[in-house]
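All values below come from the heavy atoms of this structure, side chains included, with hydrogens, waters and symmetry mates left out. This chain uses plain numbering: 1 for the first residue, then up along the sequence.
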Amino acid sequence: MRTGRPKGMLMLTTEERQRLQSLAHRSRSAPFLARRARIVLLCAEGRDNKIVARTLHVTPATVGKWRGRFVRDRLEGLYDEPRPGVRRTITDGQVEQVIIRTLETTPRGATHWSVRGMAKATGLSRMAISRIWRAFGLQPHRSETFKLSPDPLLVEKVRDIVGLYLNPPEHAAVFCVDEKPQIQALDRTQPLLPMQPGQVERRTHDYMRHGTTSLFAALNAKTSEVITQFHQRHRSVQFREFLDLIDARVPRDLDVHIIMDNYGTHKTPLIRNWFAKRPRFHIHFTPTYGSWLSLVERWFAELTNKQLRRGAHHSVSQLKAAIQAFIEAHQANPKPFVWTKTADQILASIARFAQRTVEVQAAQQTHKSRTTGTGH
């Protein structure tokens, strides 16, 4: 029986053999590459091309191709070579013009470019504009807001609060405390139209008010468990009652670190005296316009998105019941919010925003001076 022309021995180094064996097990993620690796491994055992082909259910030509590629280029030869593809119809100059126009101009009568508008202005297709924007990370349709804090103790406060998250003190509990005031019990004027196949949920935009309530919350930064209390108002008297609740709930052998914002009711003489009489409580204020540093704000956002925004309540008591149901569901399976950024990373980001703000202001002032002729 003829077995084909004998081939020279294909020799593998230990590293190559280990790499090929690893590739040979990637049948699901890279099936073609795995098959090529198995071809080379069998050839390295001294088997003939036809025997290898029969074993792996491929043609002898396929075995010869990848055996030869490996002999010539080793492991690199098993990977697909880049293919030329379709010839480009858009020049680098056209791409540059689209980018410059997107960044430095606005369409007539509008604040930002759209794909259709840019395509019409440049003579390119909408698909081409979309691909250029995607390649360079341009999203003219999106806009975000920011607020730079003027707090003179910004750096110290950021380092203090982030330090509590990333390296909490021993024998202490860290709570983020705030209130969500004036939560409205809103009832829609028309029935809710529930979701159907091919149709999203619909509700009327107009509503009737049935009163309000305020929710005080203290989020345990480590466990994500919350202490909550409802009040009709949110003055310092109510805040002191909530602090009494926290004091009663936290074991006496633990210190309590309170992270809260600079709201006026948090700094009245009544509250200052309360903290002065309880030395186990330590206060940490967020910077001005820096309430985003408090994790309880993230919990309030969950409450709004999952319960309040789409809810319909005929009374304040029904609103409280819905909020309480959300709280109980959260308490049954609390998942801590994981703080990942260091203080240095946050401050560097703030510095970049501040620097860019200064640069844009300077550019606007220069442009204004040139157009009005007041420059020197």
Nearest heavy-atom neighbours spanning R47 and R67: O-NH1, 3.6 Å
Any pair counted as salt bridge (Lys or Arg N to Asp or Glu O under 4.0 Å), so long as it reaches residues 244-271, sequence neighbours left out: D247-R252, D247-R278, D247-R280
Between the CG atom in D178 and the CD1 atom in I258, the distance rounded to the nearest 0.5 Å is 11.5 Å
Distance-only donor-acceptor pairs under 3.5 Å for side chains of residues 290-299, two or more places apart:
from: W292; atom 1: NE1; to: Y289; atom 2: O; distance (Å): 3.4
from: R298; atom 1: NH1; to: E302; atom 2: OE2; distance (Å): 3.1
from: R298; atom 1: NH2; to: E302; atom 2: OE2; distance (Å): 3.2

Verify, without hydrogens or angle tests, whether Q21 (side chain) and Q18 (backbone) share a donor-acceptor contact under 3.5 angstrom. no
Tell me, which pairs form a salt bridge (Lys or Arg N to Asp or Glu O under 4.0 Å) where one or both residues lie in residues 308-320, sequence neighbours left out? E201-R310
Between H257 and H284, ring centroids under 6.0 Å: yes
Can you tell me which residue among H314, H313, R209 is in a side-chain hydrogen bond (donor to acceptor under 3.5 Å, both in side chains) with D187? H314
Can you see which heavy atom on V250 is nearest to which on F175, and at what distance? CG2-CE1, 3.6 Å
Please lay out, stage by stage, how L12 and F70 fare under the test side chain to side chain contact (heavy atoms under 4.5 Å, CB included). CA-CA 10 Å; L12 300 176; F70 184 83; 3.4 Å; yes
Is the side chain of R126 donor-acceptor paired with the backbone N or O of V115 at a distance under 3.5 Å, no angle test? no
Is it true that a side-chain atom of W274 and a backbone atom of E241 form a donor plus acceptor pair closer than 3.5 Å? no
Please name all residues satisfying ring pair (Phe, Tyr, Trp, His ring centres under 6.0 Å) with H231, sequence neighbours left out, ordered by chain then number. F216
Only pairs under 3.5 Å count here: list side-chain donor-acceptor contacts from residues 134-141, not counting sequence neighbours, and write none if there are none.
from: R134; atom 1: NH2; to: S130; atom 2: OG; distance (Å): 3.1
from: Q139; atom 1: OE1; to: R142; atom 2: NH1; distance (Å): 3.3

With salt bridge (Lys or Arg N to Asp or Glu O under 4.0 Å) as the rule and sequence neighbours excluded, what pairs involving residues 338-366 come up? R159-D344
